[in-house]
Amino acid sequence: MKLWVVLICCFLAVSSNAQPAIDTDFKVEIASPFFAKGNMPKVMIDEAHNNIHTKDGGLYAFAKLMEDDGAEVYANSGKFTEALLSQYDVVFIVNALHDSNVNNWSNPCPSAFTDSEIDALVGFVKSGGSLLLVADHMPLGGSVQKLANEFGIEWSNSFAMQNGKHWPPSTFEENNNTLLRSPVTNSTSYGRHVSVIGSFTGSAFKIPNEGIPFLKFDDSHRLLMPDVAWKFDKKTKNQTAEGWYQGACLAFGEGKLVLLGEAAMITAQIRGKTKIGMNSPDAPENGQLAINIFRYLAHD
């Protein structure tokens with residue numbers, strides 16, 4: 001058995017101890033709202049596609065952050081249409097899942113969105129809307145592949161795992177060129193510089209040439225592609241993650257996207273005694289990244 005298989009088994013033992021709970025005590029502090037009354041962006045958090053993270057669930061801390069920063073944040077339970085999307089400035093899609101994969105995390109992993117919904121989302125961004133698209137490890141990467149392709153993105157339906165390490169987080173660091181300069185990691189008029197980000201497994205993607213990556217894999221990670229989530233053995237297909245990304249910004253038409261291949265990094269959760277996400281001591285700058293992402297997407 002290869003070393004990475006042994007390490008995955010260790011990871012499973014750790015990760016299966018308890019289901020994560022929402023850390024409602026954690027808060028990203030906002031010194032003063034960035035958006036004033038009369039200029040409050042409207043943010044939709046998608047809850048219509050079996051989303052694992054919702055406004056009052058995994059995205060609780062992020063939603064509170066945005067509200068404290070001057071946004072109006074709404075949960076959405078309706079399918080995407082041009083008319084619906086036109087009511088919002090920013091749309092969050094985090095860990096959407098096709099009906100067939102609910103409680104069945106195995107291949108195939110169809111699109112979470114209908115063709116008409118994909119057309120509506122592409123039109124929304126092209127005409128000036130902003131989209132945060134987040135898809136975690138398999139089967140969640142597969143659920144967004146068809147949508148991502150419309151923006152020129154290749155999304156891997158995989159597990160991005162660090163070699164020789166049985167428990168996340170992985171860290172993307174400025175000093176080893178895995179955290180790159182971008183509109184959401186630089187010091188800007190709307191955000192502050194970040195130098196290290198913690199990530200908790202997830203997936204990976206490739207972007208078109210005009211995209212700006214900010215979380216870059218090197219050869220310290222591999223992409224594992226099981227037929228059933230968490231079922232790994234020596235026959236599991238795998239490849240190096242080098243050349244793939246887990247965070248990127250992309251301009252598209254008049255609008256823009258932020259892409260993340262891992263969701264926990266923008267949540268605040270607790271599994272047993274372990275903090276996972278923005279509340280983790282191993283991810284001290286993730287809260288600032290969340291601020292930067294929101295402001296980048298919401299400001300003109």
Side-chain angles (χ1 to χ4, degrees), residues 20-45 52-75 88-92 94-95 130-132 134 168-175 179-200 202 214-215 246-247 249 256 258-260 262-300:
I22 306 308
D23 186 352
T24 55
D25 292 330
F26 174 80
K27 183 177 181 179
V28 178
E29 296 295 337
I30 301 292
S32 60
F34 185 79
F35 297 97
K37 289 183 178 180
N39 188 37
M40 300 173 73
K42 292 186 176 181
V43 180
M44 172 212 284
I45 294 178
I52 293 171
H53 293 305
T54 59
K55 178 178 180 289
D56 294 325
L59 294 174
Y60 177 85
F62 206 149
K64 292 298 182 185
L65 175 166
M66 292 188 287
E67 290 173 341
D68 289 346
D69 211 25
E72 298 178 11
V73 183
Y74 303 89
Y88 299 95
D89 303 297
V90 183
V91 171
F92 276 34
V94 183
N95 282 358
S130 293
L131 173 64
L132 174 65
V134 185
S170 299
T171 55
F172 294 85
E173 300 180 38
E174 190 174 39
N175 63 12
L179 189 149
L180 309 176
R181 299 296 88 216
S182 76
V184 299
T185 53
N186 293 346
S187 292
T188 63
S189 61
Y190 53 82
R192 296 207 322 253
H193 171 268
V194 296
S195 59
V196 58
I197 293 298
S199 171
F200 304 80
F214 59 88
L215 301 179
Q246 200 167 63
C249 303
K256 50 194 170 183
V258 171
L259 314 164
L260 294 175
E262 203 276 313
M265 71 170 77
I266 55 168
T267 71
Q269 304 175 70
I270 303 174
R271 180 183 282 118
K273 295 182 179 181
T274 303
K275 294 183 177 181
I276 303 169
M278 296 187 289
N279 56 341
S280 170
D282 296 310
E285 296 186 51
N286 283 39
Q288 185 61 52
L289 178 67
I291 293 171
N292 294 355
I293 287 172
F294 163 59
R295 293 178 179 176
Y296 166 71
L297 290 172
H299 92 294
D300 293 332

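- Legend: residues meeting side chain to side chain contact (heavy atoms under 4.5 Å, CB included) with Ser199, ordered by chain and number and at least two apart, are Phe172, Gln246, Glu262, Met265.
- Between the side chain of Asp69 and the backbone N or O of Arg295 there is no donor-acceptor pair closer than 3.5 Å.
- Of the inter-residue distances, the one linking Leu179 atom CG with Phe214 atom CZ reads 8.0 Å to the nearest 0.5 angstrom.
- With sequence neighbours excluded, the residues that form a side chain to side chain contact (heavy atoms under 4.5 Å, CB included) with Ala75 are Glu47, Lys55.
- Taken to the nearest 0.5 Å, the OG1 atom of Thr267 stands 11.5 Å off from the CD1 atom of Ile52.
- Between the side chain of Asp89 and the backbone N or O of Lys42 there is at least one donor-acceptor pair closer than 3.5 Å.
- How far NZ of Lys256 is from CG of Leu297: 6.5 Å, rounded to the nearest 0.5 Å.
- Listed by first and then second residue, the ring pair (Phe, Tyr, Trp, His ring centres under 6.0 Å) pairs that reach into residues 266-290 come to none, sequence neighbours excluded.
- Atom-to-atom distance recorded for Leu132:CG and Leu59:CG is 8.5 Å, nearest 0.5 angstrom.
- What you find for Leu260 and Gly247 is that their closest heavy atoms are CD2-CA, 4.2 Å.
- Across every non-hydrogen atom of Ala290 and Phe62, the tightest pair is O-CZ, 3.5 Å.
- For Ala263, the side chain to side chain contact (heavy atoms under 4.5 Å, CB included) criterion is met by His53, Val94, Asn95, Val134, Asp136, not counting sequence neighbours.
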Just distance, no hydrogens or angles: give the donor-acceptor pairs under 3.5 Å from side chains in residues 182-189, sequence neighbours left out.
residue : atom : partner : partner atom : Å
Ser182  : OG   : Val184  : N            : 3.2
Ser182  : OG   : Thr185  : N            : 3.3
Ser182  : OG   : Thr185  : OG1          : 2.9
Thr185  : OG1  : Leu180  : O            : 2.7
Thr185  : OG1  : Ser182  : N            : 2.9
Asn186  : OD1  : Arg181  : NH1          : 3.1
Asn186  : OD1  : Ser182  : N            : 3.3
Asn186  : ND2  : Ser182  : O            : 3.2
Ser187  : OG   : His193  : N            : 3.3
Thr188  : OG1  : Tyr190  : N            : 3.2
Thr188  : OG1  : Gly191  : N            : 2.8

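- Listed by first and then second residue, the salt bridge (charged side-chain N to carboxylate O under 4.0 Å, His left out) pairs involving residues 272-294 amount to none (not counting sequence neighbours).
- Residues satisfying the ring pair (Phe, Tyr, Trp, His ring centres under 6.0 Å) criterion with Tyr296, sequence neighbours excluded, are absent altogether.
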Check step by step if side chain to side chain contact (heavy atoms under 4.5 Å, CB included) holds for Leu65 and Ile291. CA-CA 7 Å; Leu65 175 166; Ile291 293 171; 3.8 Å; yes

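- Every salt bridge (charged side-chain N to carboxylate O under 4.0 Å, His left out) that Lys64 has, sequence neighbours left out, goes to Glu67.
- Distance check: Phe92 CZ to Ile293 CD1 gives 8.0 Å after rounding to the nearest 0.5 Å.
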Return all side-chain donor-acceptor pairs below 3.5 angstrom for residues 21-40, not counting sequence neighbours, or 'none' if the list is empty.
residue : atom : partner : partner atom : Å
Asp23   : OD1  : Asp25   : N            : 3.2
Asp23   : OD1  : Phe26   : N            : 3.3
Asp23   : OD2  : Asn279  : ND2          : 2.9

